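The structure presented is a predicted model; accordingly, all values stated were derived computationally and were not measured. Heavy atoms only: backbone and side chains are in, while hydrogens, waters and symmetry mates are out.
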There are 2 protein chains.
Amino acid sequence: MHRLIHFRLCPFSRSIRLALAEQKTEVKLEDEKPWDWRAEFLALNPSGELPVLCLAGEAPVCGTYAISECLADMAGPLAATASLALFPGDVGQRAEVRRLVDWFHGKLNREVTQPLLEEKIYSRFDASGSRKPNADVLRNARANLRYHLGYLDFLTHDRNWLAGPEMSFADLSVAAHLSCLDYLDEIAWDERLAARQWYARMKSRPSMRAILAERVPGAPLPPAHYPDPDF
Amino acid sequence: MHRLIHFRLCPFSRSIRLALAEQKTEVKLEDEKPWDWRAEFLALNPSGELPVLCLAGEAPVCGTYAISECLADMAGPLAATASLALFPGDVGQRAEVRRLVDWFHGKLNREVTQPLLEEKIYSRFDASGSRKPNADVLRNARANLRYHLGYLDFLTHDRNWLAGPEMSFADLSVAAHLSCLDYLDEIAWDERLAARQWYARMKSRPSMRAILAERVPGAPLPPAHYPDPDF
């Protein structure tokens with residue numbers, strides 16, 4: 001049985017779970033707390049980053065970049081039936097998918113998702129005791145989020161899917177971040193109609209539903225609209 | 001003619017310059033100052049990140065991730081002669097290349113290269129006037145660098161090339177970061193024999209020599225050993 005080591009509110013883990021589900025590849029999920037720095041986990045991935053994919057009989061594959069490209073490399077043999085192409089299209093279209101993956105897994109994560117997770121969730125589990133969120137960090141991350149949602153709205157205004165005519169790993173990556181941010185009740189959906197329509201379509205996919213049904217032990221509950229595709 | 005928009009001390013730009021040179025693809029270099037946020041550059045790449053590759057007659061390709069995978073996608077048609085495979089080997093070996101690219105372009109950059117460049121170089125060109133480097137940031141980045149050099153030494157101890165038996169984009173990416181850090185005279189080479197031997201081999205490649213011969217206007221000169229393959 002394949003295994004995925006993940007954290008429920010980690011956007012990288014969520015994007016890979018979506019990719020695996022869209023590719024109809026079943027995995028056993030194993031929870032890892034990113035703030036724990038467990039020796040056994042660091043032995044598996046010395047960078048300490050999530051997720052890690054352990055395919056039956058293969059060496060572990062570490063991190064979203066290596067895993068997503070590896071799933072694309074082996075889409076044929078691994079997938080049970082007709083499967084999503086994570087990086088579809090010609091060379092130019094594939095470059096656009098990767099530019100957007102980089103934007104949201106890189107820039108959005110650094111400027112928004114990671115600081116909000118650190119302050120609102122990880123801070124509860126600090127080794128030296130629970131601490132209060134830093135108000136300056138929250139304010140900056142929220143200002144950055146408005147800018148990123150504006151860009152997402154711009155992209156979804158003219159395109160069916162984020163990178164072009166087909167769904168790709170860019171859609172899964174952005175849905176992973178938005179679902180974490182929406183769990184934290186950080187998204188003002190009213191202002192962003194095109195982005196909201198796109199996210200509603202993502203939410204209604206079976207691959208998303210399993211994730212949206214989960215709750216994170218020790219974290220506050222998400223807002224009522226969080227799992228609802230008609231929000 | 002193909003064009004690459006880059007900054008001379010940007011490790012991402014350097015890794016793509018190395019990939020293009022190893023693939024025997026000639027490009028015209030255009031300097032961009034990352035701290036300038038020029039409107040014309042942001043129109044080309046709204047994320048504001050370097051490098052950007054403009055292949056003749058094609059849409060621009062933005063960022064190291066999209067460019068490196070795009071060069072691998074089109075290695076056949078673009079390359080003039082026998083060309084380096086950026087992600088060589090089977091699925092597992094390619095995943096190891098990407099894990100290491102992620103480690104050094106992601107973790108090393110975040111923990112070491114970017115803060116040292118910010119404090120030692122970008123700070124000289126601050127819009128509000130030149131400012132002094134922050135001593136705490138320098139101290140943290142230097143402590144992190146020792147840990148990363150230890151990991152590099154561990155990798156190069158048992159392997160000819162970083163990710164396995166063949167040179168790959170992982171080697172080019174790490175050489176790009178080390179060359180920037182060495183320009184800033186931040187590397188204590190005496191302690192790291194295996195890493196030093198590997199870097200000496202990288203330095204003697206024609207693709208590296210062009211980069212090592214350049215100087216950065218407005219920045220202090222690099223140490224005397226910087227361009228020397230026998231250092």
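Interface remark: B:Y147 contributes side-chain atoms only to the contact with chain A (heavy atom separation under 4.5 Å).
Heavy-atom neighbours of chain A within the stretch residues 87-107 of chain B, taken at a separation under 4.5 angstrom, comprise B:F87, B:V91, B:R94, B:A95, B:R98, B:R99, B:V101, B:D102, B:W103, B:K107.
In A:E26, the CD atom is not crowded: 12 or fewer heavy atoms of neighbouring residues, nucleotides or ligands sit closer than 6.0 Å.
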